[in-house]
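These notes concern the structure reproduced below.
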Amino acid sequence: MNRTKIILITLLLVLGLVVLVSFLTKEEGSEAMNVATYTGASEPRIGYVELQVSDLERSVEFYQKLIGFSILKKDDNTVQLTADGVSPHLILTQSEDFVERPSRSTGLYHLAILVPTRQDLALAFTHLMEADYPMQGASDHQYSEALYLADPDNNGIEIYADRDSAEWVRDNSGGYVGATNQLDFEGLLSEIKDAKWTGLSKGTRIGHMHLQASDLEASKKFYVEALGFDIVAQDSHMLFVSKDAYHHHIGMNTWAGTGIPKPPENALGLMHFTFHLNQDEYEAAKNGLTKANFQFQENDQTITTEDPSGIKLKLILKN
């Protein structure tokens with residue numbers, strides 16, 4: 001596919017992109033807003049994401065051939081996928097009694113795959129275009145550039161590359177100012193040079209999770225007050241939180257409405273995801289959950305809990 005054709009196709013994609021969020025409206029006086037500076041020196045915060053899928057073979061083929069993961073471990077109904085050949089980044093599970101996830105229910109909005117460089121993002125884009133896979137959009141979010149699509153079970157996926165954190169813009173409250181601007185496709189494609197797509201680079205990680213929530217105030221009590229996350233962006237329908245002053249590790253929205261129920265236990269989509277904490281953070285999380293009366297279990301340096309929207313997560317102690 002030549003460059004001109006790619007640019008024309010992507011411009012059409014942008015015209016059809018639903019605006020995700022402006023980030024420009026913030027609640028005033030948020031004492032939890034993080035004013036530190038992200039350095040990028042920390043280990044990955046999100047470990048892996050586990051999804052319930054309807055056709056394991058089809059999903060593995062999608063995530064291998066189109067996204068670029070490789071198989072780390074496989075059994076009859078579960079496949080672990082990796083980008084670095086060492087740690088699982090995505091676990092796909094198929095059970096016989098799955099049901100479709102209701103559209104107006106809590107759960108995954110999208111999982112976000114962070115690639116190390118802008119060239120990696122450009123290669124991912126051209127690979128998807130050459131495969132003629134339908135994309136849902138592409139955006140410049142100011143602190144990152146992103147591509148959007150969905151897997152065969154309609155699980156949302158973002159593939160993105162961060163800009164240097166020195167270029168991230170703050171508002172008067174210390175939160176990050178994002179945007180949903182048109183992606184500079186010509187500039188992106190110029191990064192490719194003589195490189196060829198060979199799958200995901202070893203430095204790839206799950207960068208953030210974006211969740212469909214039921215009640216943002218309840219989510220704030222869980223993630224901010226109990227677990228100690230910092231607020232980095234918020235408005236009346238959106239809450240972004242993080243550790244390490246990152247632009248967001250967990251995003252939540254109520255764009256599908258407030259008070260929506262959680263899906264059935266055997267629904268397709270997000271089963272759980274893991275998040276890494278250091279010793280002090282881990283102990284503080286246990287104390288915070290206990291004090292706020294959130295239920296959790298602890299086993300082998302792992303806290304398993306459920307947020308107010310019914311989304312399961314595992315908090316893992318990482319030294």
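Test Ile91, Leu90, Thr82 against Leu72 for side chain to side chain contact (heavy atoms under 4.5 Å, CB included) and you get one pass: Thr82. Here the rule is side chain to side chain donor-acceptor pair (under 3.5 Å) with Tyr246, and of Thr39, Asp230, Asp162 only Asp162 fits it.
The pair Glu298-Lys314 fails the salt-bridge criterion, with no side-chain N (NZ, NE, NH1 or NH2) lying under 4.0 Å from an Asp/Glu carboxylate O. Salt bridge status for Lys312 with Glu265: present, with a side-chain N to carboxylate O gap under 4.0 Å. Between Asp84 and Arg205 no salt bridge is recorded (no basic side-chain N to carboxylate O distance below 4.0 Å). A salt bridge does not link Arg58 with Glu61: none of the charged nitrogens is closer than 4.0 Å to a carboxylate oxygen. Between Arg163 and Glu145 there is a salt bridge, with a side-chain nitrogen of the basic residue lying less than 4.0 Å from a carboxylate oxygen of the acidic one. A salt bridge does not link Lys220 with Glu225: none of the charged nitrogens is closer than 4.0 Å to a carboxylate oxygen.
Taking the ring centroids of His249 and His208, they lie at or beyond the 6.0 Å cut-off. Phe240 has its ring centre less than 6.0 Å from the ring centre of His210. Centroid-to-centroid, the aromatic rings of Tyr176 and His247 stay 6.0 Å apart or farther. Two rings, from Phe294 and Phe222, have their centers less than 6.0 Å apart.
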Mind running side-chain contact (heavy atoms from CB on, under 4.5 Å) on Leu277 and Lys243 for me, showing each step along the way? CA-CA 9 Å; Leu277 299 175; Lys243 295 286 188 179; 4.1 Å; yes
Would you sort out whether Phe229 and Phe275 count as a ring pair (Phe, Tyr, Trp, His ring centres under 6.0 Å), showing the intermediate values? CA-CA 11 Å; Phe229 283 81; Phe275 197 89; 4.9 Å; yes
Run Val232 and Ser242 through side-chain contact (heavy atoms from CB on, under 4.5 Å) and show every step you take. CA-CA 7 Å; Val232 285; Ser242 76; 3.5 Å; yes
Go through Thr117 and Asp120 one step at a time and tell me if the side chain to side chain donor-acceptor pair (under 3.5 Å) criterion holds. CA-CA 5 Å; Thr117 68; Asp120 290 309; 2.8 Å; yes
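Other residues, nucleotides and ligands contribute only 12 or fewer heavy atoms inside 6.0 Å of the NE2 atom of His237. Residue Asn172 qualifies as open at atom CG: its count of foreign heavy atoms under 6.0 Å is 12 or below. Around the CG atom of Asp97, the shell of radius 6.0 Å holds more than 12 heavy atoms that belong to other residues, nucleotides or ligands.
Ring geometry for Tyr143 versus His141: interplanar angle of 30 to 60°, hence tilted.
In summary, the side chains of Gln295 and Thr305 do not present any donor paired with an acceptor at a separation below 3.5 Å, with no hydrogens or angles considered.
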